[in-house]
Amino acid sequence: NADSAMYKAKEQGRNNFQFFAPWMDTQVSNRLEMLISLRRALDQQEFKLFYQPKLSLKDGRIIGAEALIRWESPEQGMVAPDRFIPFAEEAGLIVPIGEWVLRTACRQNKAWQDAGLPPIPVAVNLSPRQMNQALPEFVANVLADSGLSASWLELEITENVVMKDAEKTVATLNTLKRLGLQISVDDFGTGYSSLSYLRRFPVDALKIDKSFVRDIARDADSAAIVKAVISLAHILNLRVIAEGVEDEEQHAFLRENGCDEVQGYYFGKPMTVDDFTDRLRKEAVQAAP
Ligand code: C2E
Ligand code: MG
Ligand code: MG
Ligand code: MG
């Protein structure tokens with residue numbers, strides 16, 4: 001039965017899980033392996049945060065960072081979030097992983113400030129499963145523990161998070177906003193959100209999805225969508241940021257059309273803490289009179 005199969009697998013030692021109960025097909029067994037390795041990743045601190053700069057389009061200065069999770073798996077090497085976040089969401093592991101992300105990003109941001117670097121908000125991605133009534137208290141605790149002021153924390157949520165159970169989500173977002181943090185809508189344009197909701201949600205910024213930015217120069221529809229989102233954001237008094245900017249042509253288009261901020265490989269890939277610290281330090285030196 002299942003228990004004895006598990007037991008046998010455990011007997012064979014860590015890192016050598018095998019599931020061979022007859023009722024398990026390969027898919028189930030792979031999922032179990034994934035679940036076990038993600039749990040282990042959390043316990044053994046195999047997750048890392050990388051940081052990608054966000055720049056002002058006015059003067060090209062770094063005005064923020066997004067924390068992006070990586071999994072340094074002993075078996076598979078560096079694993080990108082698209083390969084494990086959806087699974088972690090389904091398995092419920094996204095809640096403890098998300099808590100680790102928030103704590104780590106807040107601590108890191110406080111450490112940069114304590115090191116005398118120019119303060120910037122750091123953004124953390126939230127998955128739909130984290131958006132519940134317990135979230136504001138958790139965030140408040142993490143801020144208190146880290147000593148980071150809420151104004152230096154930004155939360156990125158997708159439109160689908162917002163639209164799922166809209167009433168409850170508005171209440172939760174309002175409570176979060178009262179802490180003093182920033183909220184942005186990620187991958188804007190790819191999900192469903194109605195304009196009336198957008199107006200009612202206490203968000204501060206829209207992030208134009210990188211699929212529209214990628215096609216700006218080649219596809220008139222993408223260019224039109226990007227312009228429309230920039231106008232929409234400004235009408236609603238929101239900041240607008242373009243993600244996935246990879247070349248000068250896209251950069252110029254966004255600047256000419258009044259986008260506020262940019263993020264993308266053209267300005268800096270997601271990087272390790274050490275590399276991001278160097279980048280911030282260089283900026284601080286350049287800014288000095
Ligand atoms: P996202 O939040 O939309 O993050 C932006 C993604 O675009 C990142 O991929 C980033 O590396 C990538 N990117 C940035 N600039 C460029 C560019 O110029 N060109 C291209 N092609 N890509 C660019 P990444 O790091 O692989 O993350 C993928 C997604 O995984 C994120 O999309 C986010 O939805 C999710 N994710 C990442 N970290 C976390 C986390 O800590 N918690 C949760 N819940 N989700 C996360
Ligand atoms: Mg994001
Ligand atoms: Mg995005
Ligand atoms: Mg995304």
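In this text the structure is predicted, and so the values were computed from the model without any measurement. Just so you know, ligand 1 is whichever comes first in the structure, and atom 1 is the first atom listed for that ligand.
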Decide whether an N or O pair under 3.5 Å exists between Gln130 and ligand 1.
-> no
So, Asn174 side chain and Val170 main chain: donor-acceptor pair closer than 3.5 Å or not?
-> yes
Measuring from Arg83:CZ to Met78:CE, what's the distance to the nearest 0.5 Å?
-> 12.0 Å
For Leu143 and Ala150 the tightest heavy-atom approach is CD1-CB, 3.7 Å
Donor-acceptor under 3.5 Å (Asp260 side chain, Ile241 main chain) | no
Given that the side chain starts at C-beta and the backbone is N, CA, C, O, which of these parts of Glu89 lies under 4.0 Å from ligand 1, counting heavy atoms, or is it both or neither?
-> neither
With no hydrogens and no angle check, is any side-chain donor or acceptor of Asp215 less than 3.5 Å from a backbone partner on Arg218?
-> no
N or O pair under 3.5 Å between Gln263 and ligand 1 = no
Give, rounded to 10 degrees, the angle between OE2 (Glu243) and OD1 (Asp187) as seen from the Mg ion (ligand 3).
-> 90°
N/O/S of Glu156 less than 2.8 Å from the Mg ion (ligand 3)?
-> no
Apex the Mg ion (ligand 2) - arms OD2 from Asp186 and OE2 from Glu66 - angle rounded to 10° | 180°
Over all heavy atoms of both residues, which pair between Glu46 and Ser73 is shortest? Give the atoms and the distance, please.
-> OE1-CA, 4.3 Å
Just let me know how Arg70 lines up against ligand 1, side chain, backbone, both or neither, with a heavy-atom cut-off below 4.0 Å.
-> side chain
So Phe84 and Trp71, would you call those rings parallel, tilted or perpendicular, with 30° and 60° as cut-offs?
-> perpendicular
To atom 3 (O) of ligand 1, the nearest of Ile97, Val124, Val79, Asp187 on a heavy-atom basis is Asp187
Asn125, any N or O under 3.5 Å of ligand 1 N or O = yes
Check each atom of ligand 1 against the heavy atoms of Pro270 and keep those under 4.0 Å away; list them by number with element.
-> 11 (O)
Option whose closest heavy atom lies nearest to atom 16 (C) of ligand 1, chosen from Phe188, Phe47, Phe267, Tyr265 = Tyr265
Ionic contact status for Glu167 with Arg200, cut-off 4.0 Å | yes
Could you tabulate the donor-acceptor pairs under 3.5 Å formed by side-chain atoms of residues 86-103, not counting sequence neighbours?
residue : atom : partner : partner atom : Å
Glu90   : OE2  : Arg31   : NH2          : 2.7
Trp100  : NE1  : Thr104  : OG1          : 3.4
Arg103  : NH1  : Asp145  : OD2          : 3.2

Should Glu66 be listed as contacting ligand 1, given a heavy-atom distance under 4.0 Å as the test?
-> yes
Should you measure from each heavy atom of Asp186, which atoms of ligand 1 turn up under 4.0 Å away?
-> 1 (P), 2 (O), 3 (O)
Note: ligand 1 atoms sitting under 4.0 Å from heavy atoms of Glu246 are 17 (C), 18 (O), 19 (N), 20 (C), 21 (N)
What do we get for Lys269 next to ligand 1 when only non-hydrogen atoms under 4.0 Å count, side chain, backbone, both or neither?
-> neither
Can you tell me if Asp209 and Ser211 form a side-chain donor-acceptor pair at under 3.5 Å?
-> yes
With a cut-off of 6.0 Å (strictly less than), are more than 12 heavy atoms of other residues, nucleotides or ligands near NZ of Lys227?
-> no
Considering the heavy atoms of Gly264, write down every atom of ligand 1 situated less than 4.0 Å from one of them.
-> 15 (N), 18 (O)
Of Glu156, Glu243, Glu66, which is the lone residue that meets salt bridge (Lys or Arg N to Asp or Glu O under 4.0 Å) with Lys54?
-> Glu156
Is there an N/O/S atom in Asp209 at a distance below 2.8 Å from the Mg ion (ligand 3)?
-> no
Check each atom of ligand 1 against the heavy atoms of Val245 and keep those under 4.0 Å away; list them by number with element.
-> 18 (O)
Check each of Leu126, Leu68, Thr104, Ile69 against atom 4 (O) of ligand 1 and report the one with the nearest heavy atom.
-> Leu68
Minimum-distance pair of heavy atoms, taken over all atoms of Ser184 and Glu154 | OG-OE2, 3.0 Å
Minimum non-hydrogen distance to atom 28 (C) of ligand 1, winning option of Val262, Asp82, Leu49, Thr158 = Asp82
Work out which heavy atom in Asp204 is nearest to a heavy atom in Gln182; give both atom names and the distance.
-> OD2-CA, 3.3 Å
Atoms in ligand 1 flagged as close to Gln52, the criterion being non-hydrogen separation under 4.0 Å | 14 (C), 15 (N)
Below 4.0 Å from any atom of ligand 1, is there a heavy atom belonging to Gly244?
-> yes
Can you tell which part of Ser127 has a heavy atom less than 4.0 Å from ligand 1: side chain, backbone, both or neither?
-> both
Distance filter under 4.0 Å to Glu243 heavy atoms, resulting ligand 1 atoms | 3 (O)
